[in-house]
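Below is one structure; the comments refer to it alone.
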There are 2 protein chains.
Amino acid sequence: MNKPKIADIIAHKMESMILEGVLKPGEKLPAERKLADKFEVSRPTLREAIKKLTAKGLLRTHQGGGNYVCESLAPSLTDPLLEIFRERPNTRFDVLEVRHALEGQAAYYAAMRCTEVDKQIIQERYQAMLETHGGPDPRAEAKADTEFHMAIAEAADNVVLLHVMRGLFTLLLDSISFSHDKLYTKPGVFKKLKNQHHALMTAVVDGEPDKARQAAHDHLVYIEKTLQEIDKEEARKERALRRLTPFAK
Amino acid sequence: MNKPKIADIIAHKMESMILEGVLKPGEKLPAERKLADKFEVSRPTLREAIKKLTAKGLLRTHQGGGNYVCESLAPSLTDPLLEIFRERPNTRFDVLEVRHALEGQAAYYAAMRCTEVDKQIIQERYQAMLETHGGPDPRAEAKADTEFHMAIAEAADNVVLLHVMRGLFTLLLDSISFSHDKLYTKPGVFKKLKNQHHALMTAVVDGEPDKARQAAHDHLVYIEKTLQEIDKEEARKERALRRLTPFAK
DNA sequence: TATCATATATTGGTCAGACCATTTTTGTTA
DNA sequence: TAACAAAAATGGTCTGACCAATATATGATA
């Protein structure tokens, strides 16, 4: 009577994987046959679990192409922000301000709660960030940066924080602007960012919550100032261009 | 690519039968084997359709007993992620933790940025909270509480923060639980909350950012502790009830 | 060597049939 | 008539096969 159905158990496991950030928005799942093997159930049972999750809006299926975690898990939160972002680019600074609150807290709790595996993941993501630097695609660098910060959020062990932060980073990535690009290419900036990321990582790995929170704040202050400088430089360049070609349209 | 899946077509047909009253709340469906024959599909496909409708809250299943239309048809699903949070009561404390970050910040910036109109709105909402207290519906009280905090978030003048906080409060209101109800009815709690809300409002209105942030934190720490106490009391009551009627099922 | 077309492999979708677990119904006995 | 046991019905799961759509690999051509 109260015996849980296997399909529901599997669905719950997969849901937990999404909730805890093991499966990320947009991520492709292994093939059904493989997943069924992995969970040690039959494929029709696995399919029933998947059907449940697609009905709940967590997964989408693609015949011949695979099953995916949906990109947007909290559209009521993120869709309006996307719209606001398009209309008002300065909302970027509002996001940064909120990041101060969220990432300060994430770093603090990560320093208190992270496991050895979390530490390893954080270090790997830091390394990936270094290796991505200078590549042809600033988006890849932004993505590596995001994944580093998300590793810290994962270590904080708070699923609500994790998903709110994931939503904000997705927002930033989707709308990455010209001046934001410059964060990664402006001389001297990378070295500074690298040091700040390293300080943040060290504080988390060494289990120093207050230091970690401060490191996160310092990092964001620097980003905010740098973006403002970049904006000013761009504005100056545009003004200079207008002096050069006053009648161009 | 756009070819509709048979299971989805069947689910849609059955859903229509429910919506149009052909199938009534509480009604038992024909057996799966009969339904599959009737719709001229295989039983696993029919089962996938049923799984979809159970995930959407329209059907419930009873091994050996049959499938039934649900008595109270659930409202249509909102965000998938928010739905998971609702199903997992322990995420309440994750939400509270994130509120520490966000509301501390909101209070801080509200104290720095609020206009005379903002101040007036905050005071009106505080007053509304007092007037709602003790009414028949704890949800109305929760709503007034929410609107007070949202007034502070509005005064912080950061649209991203406002939106994220609105999302979290919406989640709390939608999933208001029994023990959360007790926040407003447990002896002594309201007076404490009232004082804390007043301290928060005063710090904001007087333009004291650090004080405002601290007031927000104190308030949330108190809520968290009180909810934990309420949970423990409820657990004790349940245990006592089980001692009283040990063989009841 | 790069591009395009075709073949093959992979992956989700559906089916048939069998068996298991739980509940309901039916039949038998006291 | 009530209680119990057996049979039937019904949902749950599995195996294996085949179909439809997509992705990838291979071969041909410019």
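Predicted model only: the values in this text are computed from it and were never measured. Numbers restart at 1 for each chain; the letters A, B, ... are given by sequence-line order, proteins then strands.
- Along DNA chain D, the nucleotide nearest B/Pro44 and the nucleotide nearest A/Gly64 are compared for position; the residue whose nucleotide lies closer to the 5' end is B/Pro44.
- B/Glu32 places its CD atom 10 Å from the P atom of D/dT10, with the value rounded to the nearest Å.
- Donor-acceptor pairing under 3.5 Å, judged by distance alone, is absent between the side chain of B/Arg43 and the base of C/dG17.
- A/Leu35 places its CG atom 8 Å from the P atom of C/dG12, with the value rounded to the nearest Å.
- Remark: A/Arg47 is in phosphate contact with C/dG13, judged by side-chain N or O atoms under 4.0 Å from OP1 or OP2.
- The aromatic rings of A/Phe190 and A/His133 lie parallel to each other, with less than 30° between the two planes, well short of the 60° mark.
- Partner of B/Asp231 under the salt bridge (Lys or Arg N to Asp or Glu O under 4.0 Å) criterion, out of B/Lys225, B/Arg92, B/Arg236: B/Arg92 alone.
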### Task
Show your working on side-chain hydrogen bond (donor to acceptor under 3.5 Å, both in side chains) between A/Lys192 and A/Thr226 and close with a plain yes or no.
CA-CA 11 Å; A/Lys192 211 57 184 288; A/Thr226 308; over 6 Å; no

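- In the set D/dA23, D/dT13, C/dC15, D/dA23 carries the atom at the smallest distance from any side-chain atom of A/His62.
- Residue A/Thr45 has no polar side-chain atom (N or O) positioned under 4.0 Å from OP1 or OP2 of D/dG12.
- The CZ-C1' distance, from B/Arg33 to D/dA9, rounds to 8 Å in whole Å.
- Heavy atoms from other residues, nucleotides or ligands lying under 6.0 Å from CD of A/Glu40 number 12 at most.
- Counting non-hydrogen atoms of other residues, nucleotides and ligands closer than 6.0 Å to CZ of A/Arg60 gives a total above 12.
- The separation between A/Asn67 atom CG and D/dT22 atom C1' is 13 Å, rounded to whole Å.
- Among D/dC14, D/dG12, C/dG13, the nucleotide with an atom closest to any side-chain atom of A/Ser42 is D/dC14.
- B/Lys51 has its NZ atom 9 Å from the C1' atom of D/dG12, to the nearest Å.
- Along DNA chain D, the nucleotide nearest A/Asp8 and the nucleotide nearest B/Lys34 are compared for position; the residue whose nucleotide lies closer to the 5' end is B/Lys34.
- The NZ-C1' distance, from A/Lys38 to C/dT11, rounds to 17 Å in whole Å.
- Atom CD1 of B/Ile6 and atom P of D/dA21 are 11 Å apart (whole Å).
- At whole-Å resolution of the value, CG in B/Leu59 and P in D/dG12 are 11 Å apart.
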